[in-house]
There are 2 protein chains.
Amino acid sequence: MPTKTKEETSSRDYVNSFARGLEVIRVFTRAKPRMTLSEVAKATDMTRATARRFLLTLVQEGYMESDNKHFMLRPKILDLGYSVLSSMEIWDVAQPIMQQLADKLQECCFAVVLQEHSVIYTARATSNRYVSVGISVGSRVPAHTVSSGRVLLAALSEEELLKYLDEAELVKYTPNTITSKVKLKSEIDQTRLDGWAIVDQELEIGLRSISVPIKDATGRVVAALNMPCPSARISFDEMRTRVLTELMTASNQITAGLMR
Amino acid sequence: MPTKTKEETSSRDYVNSFARGLEVIRVFTRAKPRMTLSEVAKATDMTRATARRFLLTLVQEGYMESDNKHFMLRPKILDLGYSVLSSMEIWDVAQPIMQQLADKLQECCFAVVLQEHSVIYTARATSNRYVSVGISVGSRVPAHTVSSGRVLLAALSEEELLKYLDEAELVKYTPNTITSKVKLKSEIDQTRLDGWAIVDQELEIGLRSISVPIKDATGRVVAALNMPCPSARISFDEMRTRVLTELMTASNQITAGLMR
DNA sequence: TCATTATGTTCGCTATAAGAACATTAAAAT
DNA sequence: ATTTTAATGTTCTTATAGCGAACATAATGA
């Protein structure tokens with residue numbers, strides 16, 4: 001059964017003002033959680049009058065508030081799908097297993113999915129550490145820079161992978177970031193052999209992560225199970241031995257739980 | 001500094017098609033995560049042609065997918081503000097403290113905020129239990145039926161509380177649900193004296209919960225700290241003694257963390 | 001005080017978005 | 001297998017919704 005995702009919608013079937021309004025929500029990011037009208041207009045490349053109308057609509061509907069200078073999101077924004085996404089069966093099954101893993105390793109762990117050239121963090125189990133990575137559910141990072149991206153790209157068909165490599169812009173974040181498509185392909189091929197990936201300080205200096213695939217009952221990779229941590233806390237060796245074992249075990253438990 | 005939330009926006013400043021499009025997203029709920037075109041049109045009270053255009057726009061923009069019959073949300077929906085909300089300072093500070101609490105009590109706990117006549121669950125720390133309550137971040141329940149609602153209503157000014165009681169419809173969910181506004185006011189007044197609330201099986205039989213307020217550095221109540229659990233697991237007495245002590249301690253730790 | 005920046009408002013214009021009606025496809029009933 | 005019913009897709013008309021330009025007002029900075 002083919003899934004229709006990003007096909008071209010005929011211009012008559014596309015509601016431009018709806019899409020533009022959504023863009024206004026999207027420019028509120030972790031880096032810019034509060035913005036003035038002019039900042040929003042600039043960020044969205046709209047006129048002030050247009051941006052203002054969308055913002056006022058969001059305020060009227062309760063999704064945003066304004067202190068007469070800055071606009072900011074309100075919790076009602078969670079009505080826009082989050083509860084649905086987070087209640088999907090896979091995360092219901094995965095959550096307690098991930099929490100056991102987080103407790104055992106004393107680190108946060110995440111379930112991650114691929115979306116276009118990025119990965120999105122879709123579920124989390126937290127540890128009680130104060131120093132943690134600045135990633136939360138909903139965070140989005142470029143797939144080429146993290147281990148979960150590598151695992152998810154490895155699960156694509158060869159055709160899909162080549163398409164990604166054709167189109168993706170491999171932005172350099174640290175001296176470690178792989179920006180060569182040939183080298184990245186080689187790393188992904190290795191990930192295919194290994195069945196896991198460790199990526200060291202390619203997104204940010206000091207951030208190391210390990211990932212394994214999460215498979216559903218049919219054996220299809222539906223997410224990556226990911227554990228990022230400050231590189232000072234767990235050595236590369238320990239990650240490749242003790243942590244990897246725990247991650248593989250948890251991943252298999254999630255798959256088993258999806259078979260019931 | 002007054003905060004402008006739900007004022008009337010002049011009709012020229014309100015983008016109706018944007019608001020209608022958002023409504024299409026909102027009808028996808030935990031109960032109805034997948035829907036056909038006709039179901040969406042009925043749920044939103046729109047013509048099929050209009051609902052179809054919004055759905056196709058969402059598919060084109062990557063927020064939804066369709067299998068040629070049902071539409072369903074994709075993880076990109078998390079771009080619509082979730083990451084921002086979840087990264088606000090208060091939850092950054094609260095998360096490790098809540099996780100310690102969850103580990104200690106071996107139960108999930110939540111931070112909860114009031115919105116109109118409902119409460120929304122805005123942060124969560126999970127336990128590794130398999131049997132857990134069916135609440136997740138983004139869940140919304142009527143304020144009058146849960147302990148967090150009671151704590152948050154208790155923190156309103158008398159004027160705001162009377163307005164709530166005037167307008168709210170106290171729907172009955174179980175034989176225990178308080179539907180008398182006089183009785184609810186009396187319970188809230190008691191909560192004001194106690195500084196905490198326990199609510200027993202008023203939303204759902206078998207669901208008991210306890211809440212305390214979370215205050216910011218200025219002493220203003222900004223959320224409730226809430227622990228719901230199956231009523232068979234923790235007795236009323238244990239909740240009022242051991243659990244309450246732990247919740248109060250965690251709440252004070254969060255407030256202290258917000259002072260830095 | 002003046003200059004600059006940001007926000008608010010008005011208004012004319014046009015093309016966007018809505019809905020009605022028709023066409024096609026799929027599913028259910030006989 | 002055929003017919004009926006239900007669901008989805010498409011087209012087209014048209015009113016007005018939404019846009020942006022320009023002007024007005026308010027706030028901030030020099």
Side-chain angles (χ1 to χ4, degrees), chain A residues 1-28 32-61 63-74, chain B residues 1-28 32-61 63-74:
Chain A
M1 188 181 313
T3 295
K4 194 189 308 177
T5 53
K6 207 167 172 189
E7 284 182 9
E8 293 301 311
T9 299
S10 81
S11 60
R12 285 252 183 154
D13 290 334
Y14 185 86
V15 186
N16 203 43
S17 55
F18 178 42
R20 290 178 97 194
L22 290 175
E23 197 58 29
V24 165
I25 304 180
R26 281 190 73 225
V27 295
F28 286 80
K32 297 287 290 181
R34 299 159 51 94
M35 284 193 265
T36 63
L37 166 61
S38 296
E39 285 171 327
V40 173
K42 185 172 180 181
T44 53
D45 198 31
M46 288 176 197
T47 63
R48 288 178 293 104
T50 295
R52 184 168 173 274
R53 279 194 288 269
F54 287 128
L55 287 166
L56 291 182
T57 301
L58 288 163
V59 167
Q60 163 110 10
E61 292 302 316
Y63 296 107
M64 280 193 180
E65 63 189 350
S66 163
D67 59 12
N68 286 311
K69 184 173 171 59
H70 289 97
F71 292 87
M72 64 211 86
L73 296 173
R74 297 187 69 209
Chain B
M1 188 177 322
T3 297
K4 193 189 307 177
T5 52
K6 208 167 171 192
E7 284 182 11
E8 292 302 311
T9 301
S10 81
S11 60
R12 283 269 184 133
D13 289 336
Y14 184 85
V15 186
N16 202 42
S17 55
F18 178 43
R20 289 178 100 196
L22 291 175
E23 197 58 28
V24 165
I25 304 182
R26 282 191 71 224
V27 296
F28 285 80
K32 296 289 289 181
R34 297 159 52 95
M35 282 192 267
T36 63
L37 166 61
S38 296
E39 285 171 328
V40 172
K42 186 172 179 181
T44 53
D45 197 31
M46 288 178 196
T47 63
R48 288 178 292 104
T50 296
R52 183 168 175 274
R53 280 194 288 267
F54 287 128
L55 287 168
L56 292 182
T57 302
L58 288 163
V59 169
Q60 164 111 9
E61 293 301 318
Y63 295 106
M64 280 191 181
E65 64 188 351
S66 162
D67 58 12
N68 286 312
K69 184 173 172 58
H70 289 98
F71 292 88
M72 64 212 85
L73 296 173
R74 297 188 68 207

Let me have a per-nucleotide readout for nucleotides 19-28 of chain D, 5' to 3', with B, S or -, counting only protein heavy atoms under 4.0 Å. BBB-------
Grab the CD-P distance between B/Glu23 and C/dA18 for me, whole Å please. 14 Å
DNA chain C contacts among residues 32-44 of chain B, heavy-atom distance under 4.0 Å: none
Sorted by chain and number, sequence neighbours left out, side-chain hydrogen bond (donor to acceptor under 3.5 Å, both in side chains) with B/Ser38 holds for none
Non-hydrogen side-chain atoms of A/Val27 and A/Met35 separated by less than 4.5 Å: yes
Just to verify, what does A/Arg34 make a side chain to side chain contact (heavy atoms under 4.5 Å, CB included) with, not counting sequence neighbours? A/Asp67, A/His70, A/Met72
Side-chain contact, heavy-atom cut-off 4.5 Å: A/Leu22 with B/Leu22? yes
What is the distance, to the nearest angstrom, from the CG atom on A/Leu56 to the P atom on D/dG18? 14 Å
Please report the distance, rounded to the nearest Å, between CG in B/Asn68 and P in C/dA26. 10 Å
Through what angle, rounded to 10 degrees, does the axis of the helix from C/dT1-D/dA30 to C/dT30-D/dA1 turn between its ends, using five pairs per end? 50°
Sorted by chain and residue number, the side-chain hydrogen bond (donor to acceptor under 3.5 Å, both in side chains) partners of A/Arg52 (sequence neighbours excluded) come out as B/Asp13
Sequence neighbours excluded, the answer for side-chain hydrogen bond (donor to acceptor under 3.5 Å, both in side chains) partners of A/Thr36 is A/Glu39
The complete set of salt bridge (charged side-chain N to carboxylate O under 4.0 Å, His left out) pairs with one or both residues in residues 15-27 of chain B, sequence neighbours excluded, reads A/Asp79-B/Arg26, B/Glu23-B/Arg26
Would you mind reading off the distance between A/Asp67 atom CG and C/dT7 atom P, rounded to a whole angstrom? 11 Å
Whole angstrom value for the distance that separates C1' of C/dA6 from CG of A/Leu55: 14 Å
State, with a plain yes or no, whether a side-chain heavy atom of A/Ile25 is found less than 4.5 Å away from one of A/Tyr63. no
Contacts of B/Thr44 meeting side-chain hydrogen bond (donor to acceptor under 3.5 Å, both in side chains) (sequence neighbours excluded), chain-then-number -> none
Taking only residues two or more places apart in sequence, or in another chain, which ones meet A/Ala41 in a side chain to side chain contact (heavy atoms under 4.5 Å, CB included)? A/Arg48, A/Ala51
Could you give all pairs that pass the ring-ring contact (aromatic ring centres under 6.0 Å, His included) test and reach residues 37-58 of chain A, with sequence neighbours left out? A/Phe54-B/Phe18
